[in-house]
Amino acid sequence: MPERARLIGINHVALEVGDLQAALDLYRRLFDFELRGHSAQMAFLEMGDQFLAISEGRSQGPDDDRHFGLVVDDEEAVRAAVASAGLEHRRSMGGGVRFRDPWGNNFEVVGYSRIQFERTPGVKRMLGIEGLEKTERAAREIAGKGMN
């Protein structure tokens, strides 16, 4: 059997939306981010060493259980912003926020402090999250995998 490449991360997630400017307006109401780049049909939302690629031209129906997860510094702020934007939402099985945008993209948003996901010091500095601490449970999970 030939050597296989090991999965080591996600560079980006690509979403399709019906209206790029409307999507950017909505996402700015839900999240604080900088644009990595922008064209007439695409925008790239900066997440340190990763990004969210948004392109105009949704060609499929709404996602049901298929979703992607975003990590944020303040899960409750997202919950409040989603409610304020009038989007249906619910608590995910892991305690995060689940919602669908108007184009059918299914988001699950979780707080950085509660998960094993760890950012390097340089990325933390870039994102302004140097002070975020992990919960005891997340710290134990990280230590249990030898990642501390």
Side-chain angles (χ1 to χ4, degrees), residues 1 3-17 20-39 42-56 58 60 62-148:
M1 177 175 219
E3 293 274 332
R4 293 173 292 148
R6 177 172 294 280
L7 288 172
I8 60 172
I10 294 175
N11 173 257
H12 69 279
V13 172
L15 302 179
E16 295 176 329
V17 296
L20 181 61
Q21 192 55 55
L24 288 174
D25 292 345
L26 173 63
Y27 298 160
R28 282 188 177 108
R29 290 172 48 205
L30 305 179
F31 308 108
D32 181 17
F33 61 87
E34 301 293 326
L35 283 180
R36 180 180 282 196
H38 188 279
S39 71
M42 293 196 74
F44 305 92
L45 286 58
E46 182 70 64
M47 295 188 298
D49 56 352
Q50 303 165 343
F51 62 95
L52 191 59
I54 312 295
S55 64
E56 191 168 298
R58 177 92 178 185
Q60 61 192 33
D63 297 327
D64 291 321
D65 287 330
R66 181 181 55 208
H67 68 279
F68 67 99
L70 291 179
V71 180
V72 296
D73 60 347
D74 188 343
E75 197 174 288
E76 291 309 312
V78 173
R79 194 178 315 280
V82 167
S84 177
L87 298 174
E88 277 189 45
H89 62 286
R90 62 182 168 85
R91 188 170 298 277
S92 70
M93 289 178 62
V97 183
R98 287 287 293 264
F99 69 92
R100 220 179 283 133
D101 71 11
W103 304 279
N105 296 299
N106 195 350
F107 290 70
E108 180 172 4
V109 181
V110 296
Y112 177 83
S113 64
R114 295 189 307 107
I115 62 170
Q116 293 178 24
F117 179 83
E118 185 69 89
R119 299 308 244 148
T120 65
V123 172
K124 282 182 166 183
R125 196 171 37 259
M126 177 190 175
L127 294 171
I129 61 169
E130 301 96 328
L132 286 182
E133 299 292 329
K134 294 293 186 179
T135 63
E136 287 183 33
R137 178 180 177 178
R140 279 193 310 274
E141 291 173 348
I142 290 168
K145 287 188 173 182
M147 297 187 310
N148 55 345

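Values reported hereafter were calculated over all heavy atoms of this structure, with side chains retained and with hydrogens, waters and symmetry mates removed.
For Y27, the ring-ring contact (aromatic ring centres under 6.0 Å, His included) partners are F107, not counting sequence neighbours. In this view, E46 and R36 satisfy the side-chain hydrogen bond (donor to acceptor under 3.5 Å, both in side chains) rule, not counting sequence neighbours. Under the side chain to side chain contact (heavy atoms under 4.5 Å, CB included) criterion, R91 pairs with R79, sequence neighbours left out. Listed by chain and residue number, E141, I142, K145, M147 satisfy the side chain to side chain contact (heavy atoms under 4.5 Å, CB included) test with Q116 (two or more places apart in sequence, or in another chain). With sequence neighbours excluded, the residues satisfying ring-ring contact (aromatic ring centres under 6.0 Å, His included) with H12 are F51. Partners of A138 under the side chain to side chain contact (heavy atoms under 4.5 Å, CB included) rule, at least two apart in sequence or in another chain, are K134, T135.
Within a 6.0 Å radius of CD in E88, no more than 12 heavy atoms belonging to other residues, nucleotides or ligands are found. Surrounding CD1 of I10 are at most 12 heavy atoms belonging to other residues, nucleotides or ligands under 6.0 Å away. Heavy atoms from other residues, nucleotides or ligands lying under 6.0 Å from CG of D49 number more than 12.
Annotation: side chain of V110 is not in contact with side chain of V72 (no heavy-atom distance under 4.5 Å). Side-chain contact between F33 and R28: present, with at least one pair of heavy atoms (C-beta onward) separated by less than 4.5 Å. Looking at heavy atoms from C-beta onward, M126 lies out of side-chain contact with E34 at the 4.5 angstrom threshold. Considering only heavy atoms from C-beta on, L45 stays 4.5 Å or farther from F31 through its side chain. Contact check for D73 versus Y112: no side-chain heavy atoms found under the 4.5 Å cut-off. When side chains are defined from C-beta on, W103 counts as touching L26, because their heavy atoms get closer than 4.5 Å.
Nearest heavy atom pair, residue V123 against residue G48, reads CG1-CA, 4.1 Å. The shortest non-hydrogen separation linking L30 to V78 is O-CG2, 4.2 Å. Across all their heavy atoms, A43 and H38 have their closest contact at CB-CD2, 3.8 Å. When all heavy atoms of A81 and R29 are compared, the pair lying nearest together is CB-O, 3.5 Å. Taking every heavy atom of both residues into account, D63 and R100 meet most closely at O-NE, 2.8 Å. Of all the heavy atoms in V82 and H89, the pair that sits closest is CG1-CB, 3.6 Å.
No option in E75, R90, E76 other than E75 meets the side chain to side chain contact (heavy atoms under 4.5 Å, CB included) test with V97.
With values rounded to the nearest 0.5 angstrom, N106 atom CG is found 4.5 Å from R98 atom CZ. Note that the CE atom of M42 and the OG atom of S55 stand 5.0 Å from one another [nearest 0.5 Å]. Atoms CG and CG, from L52 and L15 in turn, are 4.5 Å apart once rounded to the nearest 0.5 Å.
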- Kindly determine whether L132 and K124 satisfy side-chain contact (heavy atoms from CB on, under 4.5 Å), including the steps that lead there. CA-CA 9 Å; L132 286 182; K124 282 182 166 183; over 6 Å; no
- Task: Start with the C-alpha gap between E108 and M93, add the side-chain angles, then the distance that decides, and say whether side-chain contact (heavy atoms from CB on, under 4.5 Å) holds.
- Result: CA-CA 10 Å; E108 180 172 4; M93 289 178 62; over 6 Å; no
- Message: Before you tell me yes or no, could you show the steps for L70 and M47 under side-chain contact (heavy atoms from CB on, under 4.5 Å), namely the whole-Å CA-CA distance, both residues' side-chain angles and the distance that decides it to 0.1 Å?
- Response: CA-CA 10 Å; L70 291 179; M47 295 188 298; 4.0 Å; yes
